[in-house]
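See below for the structure under consideration.
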Amino acid sequence: MKYVESIRQALGELLTEDEQIYLLGEDILDPYGGAFGVTRGLSSKFPDRVLTTPISEAGIVGVATGMAMLGARPIVEIMFGDFITLIADQLVNSASKFSWIYNEQVTVPLVIRTPMGGYRGYGPTHSQTLESIFLTIPGIEIVAPSHYHNPGAMLRNCVLESEWPVLFVENKSLYPLELEKPSLTNEDGVSYIQLVDGRPNVTIVAYGGMVDLAVKAAKELLLQHEIVVAVVAPSVIKPMPHLLCVTKAALILEETTSYFGWGALVGYDLERRGIKTTRMVANMMPVPASRQLEEHMLPRIKDIVENLEWMLNA
Amino acid sequence: MLEIKVPQLGVNDQSAKVVEWLVSDRGTVVQGQTICVLETTKVAFDLVAERSGLLIRIVDAGDDVSIGQVIGLIGNKLDQLLMRQDQLYSEITTHTEILATDRARELAGELGVDLMLLDMPNVIVREQDVLDFHTKILAMPVNVIQSYELVIYGAGRGGLNILETERWRVNCFVDDSHKTEFAGFPVYHSSKLPEIYERGGRNIFFAIANGQKRIILMDQLTTAGWNVVTLIHPESYIAKSVTIGVGNNIKAGAVIDSNTVIGDCCIIDNNVTIPHDNKIGNGVHLAPGVTLGSSVVIGDYAVIGIGSSVATGIKIGAGAIIGVGAGVVNDVPDGAFIDGVPARETGKHKEIKKE
């Protein structure tokens with residue numbers, strides 16, 4: 001099953017099982033079914049609860065926040081993750097705080113789904129990886145499953161179980177990929193991936209779309225040097241789960257442009273355990289629209305491979 | 001012949017999806033006619049025929065295709081088109097490239113090990129795997145085999161069954177897997193058959209479920225000088241006028257009556273009843289309790305399920321598969337799936353290659 005099919009199936013099941021579930025988003029009705037076709041087929045089956053909205057991300061999240069406070073479980077689709085800047089105030093100053101401000105008289109079980117990531121030549125305002133801007137906001141959970149997780153099951157869990165707003169990040173380049181089985185997934189949603197058995201020589205920590213690159217780099221290293229790489233792929237980004245790392249060195253790989261943020265916390269944690277870390281992020285600049293330049297700006301498999309070779313030789 | 005390739009639909013797209021075909025496979029198209037609809041993330045695109053002729057589809061609706069990939073053919077000569085279709089199909093499906101590390105390939109080259117023999121699909125083969133295979137399996141010494149002893153190809157339950165009948169003294173097993181021992185006997189890798197022949201192996205039997213494989217092996221090994229034996233259980237009945245080929249397994253309780261002809265490498269299982277004047281092809285499997293009428297003809301590689309009945313004079317095509325307890329009262333075409341009482345066709349599978 002493909003990543004996008006897993007999400008679509010989960011949305012369908014949720015709509016069937018629970019009358020309080022609503023989908024809101026721009027262009028999500030059939031036959032288009034959303035910019036990435038995720039909601040295709042759903043508005044025909046559930047015309048009252050799959051709602052197309054005006055082009056106002058703040059408005060969509062505001063309305064959804066109100067719905068959630070009144071007992072609904074809305075799932076909002078923000079067409080491109082770059083647009084979460086437009087929902088920031090609604091999310092930061094309303095949705096994430098209302099339960100606390102109103103002394104738990106209300107809850108805001110709101111799930112906001114959005115695709116992040118580049119590598120498609122979509123340009124600087126449609127290719128970013130921006131979830132890190134919400135890392136310091138209390139009351140928001142951030143989830144970013146890869147294709148080595150079960151995104152549909154995770155979405156279902158977030159919608160039905162979470163009493164807090166959840167930012168559910170889907171990486172665009174994962175949509176057409178088949179879901180894969182990791183060697184192991186623990187209850188915190190961390191997947192551990194090794195291509196062969198045996199003690200790994202080095203670890204890559206990555207989430208979302210970067211898991212695909214990490215596994216491809218691991219394959220290169222195995223084929224070229226018989227180096228065994230363990231890929232540690234959390235699906236919950238905030239709060240941070242415990243990451244198991246059995247090697248002496250680890251590469252922390254992110255598609256984001258910032259040396260601050262998630263990777264810094266992972267590095268701090270691993271270094272305190274005596275593991276030597278190296279970080280890879282995208283170059284600190286807007287994502288270019290030209291494919292050739294974009295390729296140089298975002299992490300590349302060959303750069304990951306070179307970094308790992310360097311780390312193991314040092 | 002024109003190859004229809006997926007055009008570059010958008011600057012950003014490396015792939016597209018085939019939404020639907022608007023012409024049936026082997027249908028006639030006219031230049032300018034829309035033949036299928038392709039889709040990328042933002043665009044739905046009508047693909048138009050650039051010439052007239054017969055259209056052959058290479059991919060199906062719902063498939064993901066890459067830019068530049070051939071998705072169809074337009075031409076005038078059907079057989080040419082079908083040949084090219086076959087070629088393209090096999091290019092799409094044979095992703096059986098062996099994944100092996102550089103070091104593994106180097107060692108395999110040095111030791112003369114064919115990586116295909118390792119038979120480890122979906123696993124990346126490492127140097128140690130090659131070394132293990134070479135030292136533990138390929139380099140295994142072969143014991144002397146007497147001229148009256150039997151070699152069994154297939155270290156599984158079929159093999160155990162043969163051991164139990166005690167019709168032959170078994171020397172060893174041969175298998176494609178990495179087993180080195182089975183039921184107290186050594187198991188040699190199938191690539192060692194020439195060496196086993198050198199050490200005296202002559203009599204061989206195939207305890208293998210796949211009829212086509214049995215026949216292929218029979219051809220190869222008979223040419224190489226092996227004697228492919230037929231096993232006949234003492235508690236089976238075979239009339240004097242019956243003709244039986246090589247490599248057959250006639251099991252306990254089987255009954256084969258006058259003038260019936262049985263080809264090579266068939267499995268006639270427990271309590272199968274084959275009355276007079278039947279003709280059974282090669283590589284056929286008649287499962288336990290199958291009852292045929294007289295004058296039935298069964299094509300190569302057919303499989304008839306447990307307890308099925310076949311009426312007098314019925315012809316069953318090559319590669320047909322008949323379910324459990326079926327009542328076959330009509331002729332069965334090649335490659336058909338047949339089930340029920342009275343039996344009906346429930347499907348069909350691809351052409352069985354007749355060697």
Side-chain angles (χ1 to χ4, degrees), chain A residues 1-5 27 31-38 40 79-80 115 117-123 126-127 170 172-178 180-181 183 193-201 215-216 218-229 287-292 294-295 305, chain B residues 6 8-20 37-46 59-69 92-93 95 97-110 115 118-133 178:
Chain A
M1 181 183 280
K2 298 200 171 93
Y3 189 103
V4 64
E5 290 163 357
D27 296 339
Y32 190 49
F36 295 91
V38 182
R40 196 164 298 153
M79 193 188 280
F80 279 87
Y119 298 99
R120 295 268 194 110
Y122 286 165
H126 288 66
S127 310
E170 300 161 5
K172 302 180 189 73
S173 47
L174 294 179
Y175 280 145
L177 299 185
E178 288 289 328
E180 305 273 359
K181 271 192 78 68
S183 315
I193 306 152
Q194 267 185 229
L195 295 171
V196 286
D197 294 329
R199 195 177 182 81
N201 306 108
V215 172
K216 286 178 173 149
K219 187 170 171 188
E220 274 312 304
L221 268 128
L222 181 63
L223 290 176
Q224 284 175 32
H225 307 294
E226 292 211 350
I227 290 172
V228 181
V229 178
V287 183
S290 138
R291 288 300 294 274
Q292 290 81 357
E294 184 188 31
E295 228 179 284
V305 170
Chain B
V6 179
Q8 181 84 48
L9 295 173
V11 162
N12 304 313
D13 294 294
Q14 292 302 96
S15 64
K17 194 188 194 86
V18 178
V19 177
E20 60 171 329
V37 181
L38 298 172
E39 186 189 74
T40 65
T41 49
K42 298 226 170 189
V43 156
F45 180 81
D46 289 339
V59 296
D60 295 318
D63 283 353
D64 288 309
V65 293
S66 344
I67 306 300
Q69 182 177 345
I92 295 173
T93 55
H95 284 310
E97 39 139 350
I98 307 151
L99 285 174
T101 67
D102 291 348
R103 295 219 287 225
R105 287 182 197 277
E106 248 188 76
L107 185 62
E110 274 171 46
L115 286 173
L118 265 92
D119 192 30
M120 293 167 71
N122 301 321
V123 172
I124 298 181
V125 174
R126 284 182 284 180
E127 195 178 28
Q128 190 61 46
D129 300 318
V130 174
L131 194 60
D132 284 345
F133 186 70
H178 294 202

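The chains referred to below are lettered A, B, ... by the order of the sequence lines, with proteins before strands, and numbering in each begins at 1. Heavy atoms only: backbone and side chains are in, while hydrogens, waters and symmetry mates are out.
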Quick one: of B:Asp64, B:Val123, B:Ile124, who has the most non-hydrogen atom pairs under 4.5 Å with chain A? B:Ile124

What do you reckon, is CD of B:Glu20 surrounded by more than 12 foreign heavy atoms closer than 6.0 Å? yes

Check: A:Glu226 side chain, B:Glu127 main-chain N or O, donor-acceptor pair, under 3.5 Å: yes

For a quick test of reading the model, state the closest non-hydrogen atom pair linking A:Gln224 to B:Asp102 and the distance between them. CA-OD2, 3.5 Å

Using non-hydrogen atoms and a 4.5 Å limit, figure out which bit of B:Ala104 sits close to chain A: side chain, backbone, both or neither. both

Is A:Val228 close to chain B through its backbone or its side chain, or both, or neither, when contacts mean heavy atoms under 4.5 Å? side chain

